[in-house]
Amino acid sequence: MQEKYTPADIERAAQQHWDETGAARAVEDHSKPKYYCLSMFPYPSGKLHMGHVRNYTIGDVLSRFHQMQGYNVLQPMGWDAFGMPAENAALANNVAPAGWTYSNIDYMRTQLKSLGFAIDWEREFATCTPAYYRWEQWLFTRLYEKGLVYKKLGTVNWDPVDHTVLANEQVIDGRGWRSGALIEKREIPMYYMKITAYAEELLAELDNLPGWPEQVRLMQKNWIGKSTGVRFAFPYEIDGRPEKLWVFTTRADTIMGVTFVAVAAEHPLAQRAAVNNPELAKFIEECKQGGVAEADIATMEKKGLPTGIFVTHPLTGEQVEVWVGNYVLMSYGDGAVMAVPAHDERDFAFALKYNLPIKQVVGVDGEFFSDQQWAEWYADKVKGTLVNSCQYDGLGYEAAVDAIAADLAAKNLGDKKVQFRLRDWGISRQRYWGCPIPIIHCPTCGDVPVPDDQLPVVLPENVEITGAGSPLAKMPEFYECKCPKCGGDAKRETDTMDTFFESSWYFLRYACPDNTTAMVDERVQYWCKGGIDQYIGGIEHAILHLLYSRFFTKLMRDVGLIGDLGEPFANLLTQGMVVAPTFYREGENGKKLWLNPADVDVVTDERGRPTGATLKADGLPVIIGGTEKMSKSKNNGVDPQSLIEQYGADTARLFMMFAAPPDQSLEWSDAGVEGAYRFLRRLWKLTHDHVQAGTVDAKIDQNSLSTAQADLRRKLHQTMQKVADDYGRRKQFNTAIAAVMELLNAYDKCDLADATGRALAQETLESAALLLFPIVPHIGQALYAELKPGQDAGLSTFPKADPEALKQDEIELMVQVNGKLRGAIRVAADADKASIEAAALASEGALKFMEGKPAKKVVVVPGRLVNIVA
RNA sequence: GCCCGGGUGGUGAAAUUGGUAGACACAAGAGACUUAAAAUCUCUCGCUCUUUGAGUGUACGGGUUCGAUUCCCGUCCCGGGCACCA
């Protein structure tokens, strides 16, 4: 065995061995339980970032651990290859999106391979190939025929200078990122997926996901947002015709406190009122300004204008004025809300601002209502009862809602209704680098789905990207076509699909990536039945991607493609973000130029707090931004390549797993990498020193161990238990590593010179190699082969604790007096409560701090401590 | 603004079911070895004080408990998501 740890050689040899033996190949085998371990596939942005290393190392640890536990493991990898960055790169560097994407994939595949992940590369695919996206076009046409895809108007960000639709990310402070123009909302026809038809099921199934983090289930639940309320109408007359203005509320109990109604700027009533009201028309025009992102709408100043139109209160018959409010969303519910300033905080602020009446209709005993100052209890559903509400006075929330809903129903003006916050999923994108929507627009037949025999609609790869509008819309050779129904001249749809479409079913395709005649086949049943065993990915995907994937699994079931697999992901591990500081300089036009942390030196004061930063290249100051998720747009990603090259894959993997538990966010810093490398070197040396003296049989007679040796052996077997629990149940790899470090610290201190000691040393080192193998497989493979020549660590069984070695005669208990630690006692492991109490009361610490007072109470916590209350 | 997390030494963190706060590391300091450097090894390391001991300490303010980093109420700060970044 060579004396020096040389990661480059070891890693090359191990990877070659795994390649040659097909160690990561996954084949359906019904004799073993399957374990499908999936990590969220990467967008091929150019090179791996730390988040990828973290994500895929977690997946690899779990895959390799389960392999050693006897499972038939599948760990696939692919590329989420459509998306905006390819078009941005095309613009910036004048390269074709396809070529850019494929060369990124080639580079990133090399990087992934150098990290030694046990990935079955024969299942790899990229979503931008027709072989993949043809199936989503095919599915799209099926769903279109079933009415689960439909067309309606949607609101987008419009850049009036570049004449193009912008993504929310491309709108910065209400302006287009390239043109700097003020962005407007614009309504265009789009295709929608009817996810709301599955709202009830998507909500209910959350309760059947015990393997998901509670926080993710809660976020999805709130996102779907089921609420029971009352939908009712305010009757009115306009242009001589009777009409109804519909609203939805979860607070029907406060209906007697309505003092105005607010509608969205796009609401027909607002449009009608603006016809002969120039001021209102101007306000509605103003409301179009700004982007469509909800965060912007929710944080902007609430503004409104009266329409001069009055509607009739359905219960009191009073006239109530209609206002246009910039905070009312047309896309949510009916685009109109009743306003009860007394019991809704936003309405209260709005009423104060515009001097609108505030009418209290809920009271709480002992509380005083002021129409000048908002108080939390005004909106409380539980504490209050109705006042100033005629026949409803004295009723509580539920009784009031019931009575009011019944009265509205009797007047045919409303009823109870279940409403969801979830909206249908708009999938049309006015962009090039995506899957073409397979629809043909015919002047006579209307929208016609592309027939199966004309699929796939192939995305042309030789295009010119200008940043103004979609290139496909400028390519007659793409959009000119014949109607499949009537054969007449027609126009192909030039919008592409949201890239979430690709990522909503890729996990099923890994089961059968080679199938050229069907989207999925029966192999999906083997790998995915009951759900993918472990899914790992960033917490930032907690809602959209995961919800869409759940939705697709149900859609595909209902189209008859996959039977009933259940939920797609049985167990979910949401990895915390790898975050890094951001740095920037401001350009001439105020645009921020983001600088990579690797190119910046941070200046700190004597306490280590950052006081400023300079660019390495020119030594001049840069501005420190916030600490944010590593991203291309903020240029704060750190390339792991230099880390791998300098220290090797095992050090990179070990350090990533040791730095923080997987679900916690990890702030990137170089410090600590050295420590991980040092540990591996030490592990290598300990094994080397032992092997030099000759390997021995690890069989041990428990009775021939010295006390110190028995303690070490107990620690070894405790460590086996702890590490298996950390990998399997807790998924906390940092503590598993710490446990092995502790074990080796103890090993170092123990005298193992005699024959029994040599056997114990052998057992300890063999176990350490296997315990760490899932995290650092290359060195694990090499050390195990030295300790047991001819043996393959990856094919070995994970170490299992021997109950004999775990036995302990005496244990230590802490002694507290009045909850403060005052000493410790040693007692027999099976000592009874009375003798423990006696020993504690007689202990030095207890005697000193009880100062002769009698014990009022003694609490014994078995195996832990004794607390004496004096 | 709304929804979901998080906050523990100089730093990353541990404490798994309410029971020894700071395991395991990083950084720093001191020492050993060495011609020297690197590497390695040993020791110190939350804060304060009257230092063989004691007080205090898990963002902040309250509460429940024999006992709270852990549970409850309120506040502040940081991160993620908010439907066209992926």
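Below, chain A is the first sequence line, B the second, and so on; all start at residue 1. The figures that follow rest on heavy atoms only: side chains count, while hydrogens, waters and symmetry mates do not.
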What's [X] touching, base or sugar-phosphate or nothing? Going by heavy atoms closer than 4.0 Å.
{"X": "A/Met630", "result": "nothing"}
{"X": "A/Ala739", "result": "nothing"}
{"X": "A/His545", "result": "nothing"}
{"X": "A/Gln430", "result": "base"}
{"X": "A/Gln170", "result": "nothing"}
{"X": "A/Phe655", "result": "nothing"}
{"X": "A/Arg864", "result": "sugar-phosphate"}

Across all strands shown, which nucleotide pairs with [N] by Watson-Crick or G-U wobble geometry, both distances under 3.5 Å?
{"N": "B/U50", "answer": "none"}
{"N": "B/U40", "answer": "B/A32"}
{"N": "B/U16", "answer": "none"}
{"N": "B/G74", "answer": "B/C60"}
{"N": "B/C84", "answer": "none"}
{"N": "B/G9", "answer": "none"}

If you measure from the [atom1] atom in [N] to the same atom in [M], how many Å do you get, rounded?
{"N": "B/U16", "M": "B/U70", "atom1": "P", "value": "12 Å"}
{"N": "B/C76", "M": "B/G19", "atom1": "P", "value": "30 Å"}
{"N": "B/U35", "M": "B/A25", "atom1": "P", "value": "31 Å"}
{"N": "B/C73", "M": "B/C78", "atom1": "P", "value": "23 Å"}
{"N": "B/A21", "M": "B/U69", "atom1": "P", "value": "9 Å"}
{"N": "B/U40", "M": "B/C33", "atom1": "C1'", "value": "9 Å"}
{"N": "B/U58", "M": "B/G22", "atom1": "P", "value": "14 Å"}
{"N": "B/C41", "M": "B/A27", "atom1": "P", "value": "13 Å"}

A/Lys152 to A/Tyr192 six-membered ring, cation-pi geometry met (6.0 Å, 45°): yes

Measure from NZ or CZ of A/Arg681 to the centre of the six-membered ring of A/Tyr5, then state whether that distance is under 6.0 Å and the direction lies within 45° of the axis. no

Determine the minimum heavy-atom distance between A/Ala652 and A/Leu643, stating which atoms define it.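 Of all heavy-atom pairs spanning A/Ala652 and A/Leu643, the closest is CB-CD2, 3.9 Å.
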
Could one point to a donor on the side chain of A/Arg729 or the base of B/U16 with an acceptor on the other under 3.5 Å away?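 It does, because a donor-acceptor pair links the side chain of A/Arg729 to the base of B/U16 below 3.5 Å.
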
Determine whether any donor atom in the side chain of A/Asn867 lies under 3.5 Å from an acceptor atom in the base of B/C66, or the reverse, and answer yes or no.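 Yes, a donor-acceptor pair under 3.5 Å.
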
Kindly say if A/Lys820 contacts the phosphate of B/U56, meaning a side-chain N or O under 4.0 Å from OP1 or OP2. yes

Quick one: do A/Lys715 and A/Glu742 make a salt bridge, cutoff under 4.0 Å?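 Yes, this pair counts.
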
Syn or anti for B/G63, given that syn means the glycosidic angle lies within 90° of 0?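 Because its glycosidic torsion lies more than 90° from 0, B/G63 adopts the anti conformation.
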
Taking the side chain as every heavy atom from C-beta outward, state whether A/Arg822 and A/Glu844 have any atom pair closer than 4.5 Å. no

